[in-house]
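Below is one structure, written out as structure tokens; comments come after it.
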Amino acid sequence: MDTFRELLACPTCAGPLAPDWSCRACGTRFEVEDGIPNLRLPGDGRTETVRRFYERAPFPGYPPRDSLQGLHARAERSRFARLIHSAIEADARIVEIGCGTGQMCLYLCRGDRIVVGADLARASLRLGAEAAQRFGLDRVQFVETDLLRPGLKADAFDVVLSSGVLHHTPDPRRSFARLARLARPGGTVVVGVYNTFARVPLRLRRVVARLSGFRVIPFDRVLRERRNEPARCEAWLRDQYQHPEEHHHTLSEVQGWFAENHVQYLRAYPSAVLGDEPDDLFTDAADNWWPEGWLAQLGWMFTLGHEGGLFFTIGRRV
């Protein structure tokens with residue numbers, strides 16, 4: 001636990017934490033339950049609404065009788081998961097912001113890596129911690145905290161990962177600024193948000209779903225794949241079609257966040273360079289020509305739209 005505590009901080013004053021989970025600087029003491037430190041301060045009304053939303057139905061959840069081998073096999077259906085695993089050093093310090101139930105944390109927890117999974121919703125974190133214990137993984141630590149006042153040490157992580165989270169915060173631009181500070185100079189920032197264009201197919205499906213009282217949701221591949229897993233079906237339906245806070249963004253908008261926070265843009269995934277298929281996510285794209293980027297994003301309606309339109313932007317803190 002001491003190794004993980006060095007990567008955490010008091011959310012009130014950013015001071016270091018003592019072994020009894022008190023802040024060495026301001027004296028505030030924090031509770032630990034089920035092995036999960038509670039470093040979350042009360043949030044604003046919109047943030048609390050999102051937290052309660054995920055407490056009710058943790059996302060994405062685990063299939064019945066899951067195993068570590070099954071989790072790896074499921075993750076590796078995604079080319080992005082395979083690429084990010086191969087890009088991260090074997091001894092990296094990783095934090096996943098908005099880790100949910102922790103599947104990516106557990107997938108990346110290999111070799112000498114240290115992984116911290118942070119989320120607002122304790123119900124989600126508890127599922128992740130239980131799975132880590134069940135799978136015998138001891139180099140991952142889950143933490144309850146809020147990104148806007150994180151219980152995480154600034155400038156401490158080799159890789160800061162956040163997938164599907166910033167677009168559910170009241171102010172994604174401000175949230176990104178907080179997230180970027182967690183990476184050490186030279187560290188990598190990986191952010192996945194809904195794309196304005198790629199989100200269009202799901203927004204159209206959502207109109208039909210709402211008009212039918214959610215009895216009819218056409219062309220949703222994920223719901224079809226999970227039809228024999230009611231709990232995971234409900235989690236997907238709520239997350240994609242009933243979320244109380246949602247934004248969507250263009251690549252150029254996210255690149256602007258990067259520039260404002262001294263994060264050098266490397267590339268997007270899928271690539272915003274037409275015909276490019278990266279083998280290394282942490283290297284520079286061949287170019288960054290804005291007309292090509294807009295054309296690529298239009299194409300994402302067809303390649304990403306069936307799963308909600310999430311794209312990733314990758315950069316290096318300077």
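Everything numeric in this text was worked out from a predicted model, so none of it was measured.
Here CD of Gln141 is found 10.0 Å from CG of Leu125. Values are rounded to the nearest 0.5 Å. With rounding to the nearest 0.5 Å, the separation of SG in Cys233 from CZ in Arg227 is 9.0 Å. The CG atom of Leu166 sits 6.5 Å away from atom CG of Leu147, with the distance rounded to the nearest 0.5 Å. Atom CG of Leu204 sits about 10.0 Å away from atom CE of Met301, to the nearest 0.5 Å. Rounded to the nearest 0.5 Å, atoms CG (Asp44) and CG (Asp146) are 7.5 Å apart.
In terms of heavy-atom proximity, Cys10 sits nearest to Leu17 at N-CD2, 3.8 Å. Between His168 and Glu246, the closest heavy-atom pair is ND1-CA, 4.1 Å. The shortest heavy-atom contact between Asn195 and Phe197 is OD1-N, 3.0 Å. Contact detail for Ser175 and Leu148: the closest heavy-atom pair is OG-CD2, 3.9 Å. Scanning both residues, Ala268 and Trp300, for their nearest heavy atoms gives CB-CH2, 4.4 Å. Annotation for Leu106 and Ala131: closest pair CD1-CB, 3.7 Å, computed over non-hydrogen atoms.
Taking the side-chain hydrogen bond (donor to acceptor under 3.5 Å, both in side chains) definition, one finds that Arg82 meets it with nothing, sequence neighbours left out.
For the side-chain hydrogen bond (donor to acceptor under 3.5 Å, both in side chains) with Tyr194, the lone residue among His247, Gln240, His248 that qualifies is Gln240.
Ring geometry, Phe80 versus Phe312: the interplanar angle falls under 30°, so the pair is classed parallel (tilted spans 30 to 60°). The aromatic rings of His249 and Trp257 sit perpendicular, their planes meeting at an angle over 60°, well past the 30° parallel limit. A tilted orientation is assigned to the rings of His243 and Phe53, their planes being inclined by 30° to 60°.
In this structure, Arg5 satisfies the cation-pi test against Trp21, with its NZ or CZ atom closer than 6.0 Å to the six-membered ring centre and inside 45 degrees of the ring normal.
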Audit row: Phe219, His306, ring-ring contact (aromatic ring centres under 6.0 Å, His included) steps and yes/no: CA-CA 8 Å; Phe219 310 117; His306 65 279; over 10 Å; no

Derivation and outcome, side chain to side chain donor-acceptor pair (under 3.5 Å), residues Tyr241 and Arg210: CA-CA 8 Å; Tyr241 295 94; Arg210 288 175 174 171; over 6 Å; no

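Ion pair Asp284/Arg267 not flagged as a salt bridge, since none of the NZ, NE, NH1 or NH2 atoms sits closer than 4.0 Å to an Asp/Glu carboxylate oxygen. Using a cut-off of 4.0 Å between Lys/Arg side-chain N and Asp/Glu carboxylate O, Glu229 and Arg226 are scored as not salt-bridged. A salt bridge does not link Glu225 with Arg77: none of the charged nitrogens is closer than 4.0 Å to a carboxylate oxygen. With respect to the salt-bridge test (charged N to carboxylate O, under 4.0 angstrom), the residues Asp155 and Arg317 qualify. Ion pairing between Arg79 and Glu277 holds under the 4.0 Å rule for side-chain N and carboxylate O.
For the pair Glu234 (side chain) and Pro230 (backbone), a donor-acceptor distance under 3.5 Å is absent. Without hydrogens or angle criteria, Thr145 side chain to Gly151 main chain gives a donor-acceptor distance under 3.5 Å.
A 4.5 Å side-chain heavy-atom check between Tyr269 and Thr313 finds every atom pair outside the cut-off.
Between the side chains of Tyr107 and Arg74, not a single donor N or O lies within less than 3.5 Å of an accepting N or O. A donor and an acceptor atom, one from each side chain of Glu33 and Asn38, are nowhere located under 3.5 Å apart.
Within the hydrophobic cluster formed by Ile, Leu, Val, Met, Phe, Trp and Tyr side chains joined at under 4.5 Å, directly or through other members, Val208 is accompanied by Val216.
More than 12 heavy-atom neighbours from other residues, nucleotides or ligands sit within 6.0 angstrom of CZ on Arg139.
For residues 94-119, every residue pair satisfying the salt bridge (Lys or Arg N to Asp or Glu O under 4.0 Å) rule, not counting sequence neighbours, is listed here: Glu76-Arg110.
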